[in-house]
Amino acid sequence: MAKYTRANAWNNGGTFSNNDLHWYAIGVRAMMNRQLNDSASWWFFAAIHGEYVTPANDPGSFPGWGYIPGVPKVPTTPLPVPNVINTYWDQCQHQSWFFTPWHRGYLVALEAQLRTDIIQAGGPADWALPYWNYFGPGDAFDIPPAFTLQDFNGAPNPLFVTARYGPYANNIVFDLTAAAIKKYPPPPKFTGKPITENCLSNTVYTGSGANTKLPGFGGPLTGFWHGDVYPSGNLESDPHNATHVWVGGIVSSTNWGLMYDPGLAALDPIFYLHHANIDRMWAVWNSNPSNKNPSDENWLKGPAASGEREFIMPMPNTTPWRYSPADVNSLNLMNYTYDNLQQAPSVNLLTSRLSGLGVAATQATAPAAPARKTVELVGTNSDLLAITGAGTSTSVLLDDQVRQKVVRSLLTASQAAIPDRIYLNLENVRGAQGASALSIFVNLPEGANPSDHPELLAETVTLFGLHRASLVDGKHLGGGLSFLVDISPIVDLMHVDNQLNDDNLRVTIVPSFPLSEGASITVGRVSVYREGREP
Amino acid sequence: MIFDDRDRVRVRNTVLAVASLAWLFLWMRSLWSPGLPHQHMHHPAAGAGAVSVAPAFDWILMFAAMMAPTLIPPIQFVRSNGLARRRARSTWLFVTGYTAVWVLAGVCMMLVVAALGSSRLPQSLPVGAFFLVALIWQCSPAKQACLNRCHKHKPLAAFGRAADVDALVFGADKGVWCVASCWAWMLLPMLLATGHLWAMMAVTILIFCERLESPAPARWQWRGLGRAYRIVSAWVRFRVRASAAEQNA
């Protein structure tokens, strides 16, 4: 039986009239008053996720923690002893199937510390971390007002941070939902697709299925070897990464919002409300009995089983908590629940695909995860692509024989013969921060204005972690980020319009705002893959 | 990265089978023909069990047994990066580039062994000296830099001659950084009079285990068996917890 209930931060208008937010601010303030090397401090917890404060990670300028503008004033000393740093800091799991369980344990530990501080300050013994459901009714996409006030109880508001700039980098902070775009029309040079709850329609945690694109709801299997750069899982990609970059925002290539960067993000108090919502979405997904977490021992035992660091969190007044995904695999194992685990409306992607292809289809007859799928390259561009200014196009040369397989699968598509899924694969995306996101257009005519062709916008990929992933001496050796974009709906359109007979596919990549002169983001390779039945 | 799961498994199984066969051959020959001459690969003092009639063949066998397991990820990468119908061709080109570098390295190492052999030094001296060199190299920042480069992959061309050249060059590049990382340990078994195959196995385990480690900043530190130790200790810990849970149940 759950002892605690996490509730919507927008209750009571998202102000300090909401008791959860009132006491959250008191708890955050208590944690912020502690020193960096205190495992009960706000700063220590932020560094558990990621940091730019140890000599190995501090660049000596922004985003070094000593160079963050405005409030909060982040301490850079005293550092914990090396053994403590190596045990606790920089644990966050991204681009991995461990994304959801690691963050669940992280929230549990922070919540326990906050509750301890809140109780000591005279607050409720059953306090629980609120969540920010940006998909909620009304203006729920706006950051709750308690986070935008400068003062709280006659002192600086610990929930306010200066480096939080919002999607349009104008200090209006909201998440970029479809509803938000109606309230806040994009500025003229902005390009981006709203965030979605589409991942909740997935049926496969790791892998793909009729309603699930690769690498799956929860993320790709990550194991022993290094060097390959994996894409984020579908929940991690949208809405998790997207919310990070839109809320953080980017002002220039040397100034971005805390939420934008994994090494800064957990310094911003909105971080934990965002992650509570991501955790809630995982629980919502699991509340459908047919959606299963991995049963693979390699997932259940966590990265410790393959020799990586085990998940470990400091806990108030007790020994550290060592946990594995098996310990947090279900909300039933936890001491908390959510006040809302209502399912989002499910979208049957196969049915809508088939109807787009002109094939009659009834609902929900596709197998969740069809067996024996072939994944193969269809084509690739030739050179490293530098995205500059308002965007850049490249031509992907398609192999005729493989392209014919795609065409055959589309011609014979039916509920029994699921058409090939087509992915655009962006590898080794690197660069200095310059944009929040890249919008990927497929088959955009030369000279056409991207904003005139929303039907050709496949996806907006967000660049959460670009800076870290581009560091040559970092954990990923500067391999950058990787994105898998499902372009099947556009390929279907091309097929229906008889345009799939060309050996070249034009791909146009448009930054959220035009990059400043001299700035560029590079893509190592743009390629097209098919996933289908024909070997 | 995007992979075909079945092809990944096929690559892993095939490469492990090649390495196993190489080990099997080496051990069987060692056990069944202990008296074969050893004039090519080993220090003149090397004795029974250290066998070699054709040095190039022996070197390839030794190299296949020791290095093949480390080639699983790059071969999977090469195959996934290219067109499916070119996978076999790209794999062979990659392996050719990689092997060519190791053959060149092998010639150099055999010259070193021959030079030491002709020097009439007692065997323990070069063995001890190279063991010390290998230990120092293992802890050096340069070793970490080489290991980091071993992990690094970059996109390859998919079509025509450019794809062939990229696969070959990628193999050679992997070979160069692999030789740079492993040369000291590879040399050591060649100097031994006895226990040659046992030393090879120990070095193989070390090389495989150090590839499991994450890329890291280049600095002085002991490296190699840390992750392997953690895997084993985690396995023991999980077993203990499981049996405790069973008893409680």
Side-chain angles (χ1 to χ4, degrees), chain A residues 56 207 214-215 220-221 223-231 297 300-310 322 324 372-384 397 399 401-402 405 423 425 427-428 472-479 482 484 523-527 529-531 535, chain B residues 1-8 12 70 72-74 76-77 79-87 90 144-145 147-160 162-163 174 208-209 211-219 225-235 237-238 241-242:
Chain A
L214 286 171
L221 187 156
F224 289 96
W225 296 97
H226 314 281
D228 299 323
V229 181
Y230 293 96
E297 287 286 300
L300 291 168
K301 290 177 177 173
S306 55
E308 296 279 13
R309 274 195 296 176
E310 64 182 340
R322 299 167 192 275
S324 67
R372 296 187 65 78
K373 286 170 289 190
T374 293
V375 174
E376 66 173 318
L377 182 75
V378 185
T380 170
N381 73 335
S382 54
D383 293 308
L384 181 125
L397 178 62
D399 180 76
Q401 289 183 32
V402 189
K405 290 184 193 176
Y423 296 98
N425 187 29
E427 293 169 73
N428 301 105
V472 176
D473 55 356
K475 189 178 172 188
H476 299 296
L477 299 171
S482 168
L484 265 185
V523 183
R525 190 172 90 154
V526 180
S527 53
Y529 281 78
R530 66 175 278 269
E531 182 190 32
Chain B
M1 251 344 276
I2 177 168
F3 291 102
D4 184 301
D5 290 339
R6 278 176 295 165
D7 193 64
R8 265 184 123 171
R12 185 197 64 197
T70 69
I72 295 169
Q76 289 171 333
F77 175 80
R79 293 171 69 85
S80 169
N81 243 248
L83 294 167
R85 66 171 179 278
R86 293 180 66 115
R87 279 177 184 161
S90 300
Q144 185 63 56
L147 281 172
N148 288 349
R149 292 297 298 261
C150 288
H151 285 303
K152 197 159 184 167
H153 295 169
K154 65 170 193 172
L156 310 174
F159 295 102
K174 278 274 172 274
F208 185 78
C209 290
R211 296 297 171 89
L212 297 175
E213 299 275 8
S214 301
R219 58 172 176 249
L225 297 174
R227 188 164 181 180
Y229 168 76
R230 292 193 298 275
I231 291 172
V232 172
S233 58
W235 184 83
R237 202 166 55 245
F238 283 123
R241 276 186 206 167

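Reckoned from all heavy atoms, side chains included, excluding hydrogens, waters and symmetry mates. This structure is a prediction, so every number in the text was calculated from the model and none was measured. Reminder, nothing fancy here: chain letters follow the sequence lines and each chain counts from 1.
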Of the backbone (N, CA, C, O) and the side chain (C-beta and beyond), which part of [X] lies under 4.5 Å from a heavy atom of chain B, both, or neither?
{"X": "A/T380", "answer": "both"}
{"X": "A/N428", "answer": "side chain"}
{"X": "A/L397", "answer": "both"}
{"X": "A/E427", "answer": "side chain"}
{"X": "A/E310", "answer": "side chain"}

What part of [X] is in contact with chain A, defined as an atom under 4.5 angstrom from a non-hydrogen atom: side chain, backbone, both or neither?
{"X": "B/R237", "result": "side chain"}
{"X": "B/N81", "result": "both"}
{"X": "B/S80", "result": "both"}
{"X": "B/R87", "result": "side chain"}
{"X": "B/F159", "result": "side chain"}

Can you name the nearest heavy-atom pair linking [X] to [Y], along with the distance?
{"X": "B/A234", "Y": "A/A305", "result": "CB-CA, 4.2 Å"}
{"X": "A/S306", "Y": "B/I231", "result": "C-CG1, 3.4 Å"}
{"X": "B/L83", "Y": "A/V378", "result": "CD2-O, 4.1 Å"}

Quick check: do [X] and [Y] have side-chain heavy atoms less than 4.5 Å from each other?
{"X": "A/T374", "Y": "B/D4", "answer": "yes"}
{"X": "A/Y230", "Y": "B/F3", "answer": "yes"}
{"X": "A/D399", "Y": "B/R85", "answer": "yes"}

_What's the separation between atom CD1 in B/I2 and atom CG in A/L214, rounded to the nearest 0.5 Å?_
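Atom-to-atom, B/I2:CD1 and A/L214:CG are 5.0 Å apart.
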Taken to the nearest 0.5 Å, the spacing of A/E308 CD from B/L212 CG works out to 9.5 Å
Fill in: Expected output: side-chain B/R6 to main-chain A/K373 donor-acceptor under 3.5 Å
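Flag set: sc B/R6 to bb A/K373 pair under 3.5 Å.
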- Message: Under a 3.5 Å distance rule, please check whether B/R230 uses its side chain to pair with a backbone N or O of A/R309 as donor and acceptor.
- Response: no
Of B/P217, B/G82, B/A157, the largest count of non-hydrogen pairs under 4.5 angstrom with chain A goes to B/G82
